[in-house]
Structure formats: C-alpha cells, structure tokens
Amino acid sequence: QAQLVESGGGLVQAGGSLRLSCAASQRAFSRYAMGWFRQAPGKERHFVAGISWNGLRTDYADSVKGQFTISRDNAKNTAYLQMNSLKPEDTAVYYCAAGQTQYYSGDLSNWNEYDYWGQGTQVTVSS
C-alpha cells in the first residue's frame, strides 16, 4: 500500500513559479517510478512528468519541457515538480502517482505503470 499527499499548489501570477511536493508513505518508495499528471477543468487527465526509481531517467510532456523539472529525494520519500514561467494554461489539478513495478525501466509516461494516486493539488495561474 502507498499513500501519496501532494502539497504546494496555489494561486500564482503568470510568469511565476511553484514547487509541488508529493510525500509518500510507501512500501520502499525508492524502488518505484513517480509521475505527475494534471487535469484541467472539463478535460482529461494528462501526463506531465515522470522520474525513474533512482532519479536517473526523466520524461516530460512536450508542453512542459524546459519549463517544469521533476526530481525526487528518496531519503525523504518525496517527489517534486518545480514549475517555472507558469502560464494560465497550466491551471489544473496536479496529481502525483507511484509506479507498481520495482526498478521499472519502461516508458515513464505509461499510465498503466502507475497504480497509486494522490488526492491532487490545485494550481491556478492568473493572467
């Protein structure tokens, strides 16, 4: 079992930054990939960023490459999403997710790999 709790969301002006955190009380957090997804109002949930169990591999949606950075601190059982140069179109509920395969080496954007989800944190970017 794993429990994931996101924090760090809020209201920010366009061009600003936020850092989201995802604290995991998990079965061996360091063995599993972590991902961030987002869901805008009236839209489907989409992959944003993923990071491998050891932090050596990352993947990003094209829309956030160069703007967002995913990282993790396995000693703290926490994953992060640093979001810079925020735009109104980044407004969404952001969810973190934990993988289900130990030492996963596959596609980090693969939805099917993630089986634990946090409750989400709202990010609102004003113009």
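Checking side-chain atoms of Ser63 against main-chain N and O of Ala61 turns up no donor-acceptor pair under 3.5 Å. A donor-acceptor pair under 3.5 Å is formed between the side chain of Glu6 and the backbone N or O of Gly120.
Taking every heavy atom of both residues into account, Tyr60 and Phe47 meet most closely at C-CE2, 3.9 Å. Summarising the geometry of Ala24 relative to Leu4, their closest heavy-atom pair is CB-CD2, 3.4 Å, with the distance given to 0.1 Å. Leu86 and Gln67 get closest at one heavy-atom pair: CA-NE2, 3.8 Å. Closest of all the heavy-atom pairs between Ala79 and Trp36 is O-CZ2, 4.0 Å. Taking every heavy atom of both residues into account, Leu11 and Ser126 meet most closely at CD1-CB, 4.3 Å. The heavy-atom pair separating Gln119 from Val5 by the smallest distance is OE1-CA, 3.8 Å.
The disulfide (SG to SG under 2.5 Å) analysis of residues 80-120, with sequence neighbours excluded, yields the pairs Cys22-Cys96.
Residues Gln122 and Thr124 bring a donor and an acceptor atom of their side chains to less than 3.5 Å of each other.
Less than 6.0 angstrom separates the ring centroid of Trp117 from the ring centroid of Trp111. The distance between the ring centers of Phe37 and Tyr114 falls below 6.0 angstrom.
Using a 4.5 Å heavy-atom cutoff, the side chains of Gln102 and Tyr32 are in contact. Inter-residue side-chain proximity for Gln82 and Leu20 is flagged as unmet; no heavy-atom pair is nearer than 4.5 Å. Residues Tyr95 and Val93 are in side-chain contact: their nearest non-hydrogen atoms beyond the backbone lie under 4.5 Å apart. Counting only heavy atoms from C-beta outward, the side chains of Asp59 and Asp107 approach each other to under 4.5 Å.
Ion pairing between Lys87 and Asp90 fails under the 4.0 Å rule for side-chain N and carboxylate O.
The CD atom of Glu113 lies 7.0 Å from the CG atom of Asn110; values are rounded to the nearest 0.5 Å. To the nearest 0.5 angstrom, Met34 atom CE is 11.0 Å from Leu81 atom CG. Expressed to the nearest 0.5 Å, how far CZ of Arg38 lies from NZ of Lys43 amounts to 9.0 Å. With values rounded to the nearest 0.5 angstrom, Arg57 atom CZ is found 10.0 Å from Ile51 atom CD1. Rounded to the nearest 0.5 Å, atoms CG (Leu108) and OG (Ser52) are 6.0 Å apart. The distance from atom CH2 of Trp53 to atom OH of Tyr104, rounded to the nearest 0.5 Å, is 15.0 Å.
For Asn74, the side chain to side chain contact (heavy atoms under 4.5 Å, CB included) test picks out Phe29, Ser30, Arg72, with sequence neighbours left out.
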* Where do Tyr80 and Ile70 land on the side chain to side chain contact (heavy atoms under 4.5 Å, CB included) test, with the steps shown first? -> CA-CA 6 Å; Tyr80 304 96; Ile70 188 171; over 6 Å; no
* Given Tyr103 and Asn54, is the side chain to side chain contact (heavy atoms under 4.5 Å, CB included) satisfied, shown in steps? -> CA-CA 8 Å; Tyr103 310 118; Asn54 57 5; over 6 Å; no
* Take Tyr94 and Gln39, measure what side chain to side chain contact (heavy atoms under 4.5 Å, CB included) needs, and give me the verdict at the end. => CA-CA 7 Å; Tyr94 285 71; Gln39 187 169 16; over 6 Å; no
Only distances under 3.5 Å count here; give the side-chain donor-acceptor pairs of residues 12-19 to other protein atoms, sequence neighbours excluded, each with its distance to 0.1 Å.
from	atom 1	to	atom 2	distance (Å)
Ser17	OG	Asn84	OD1	3.0

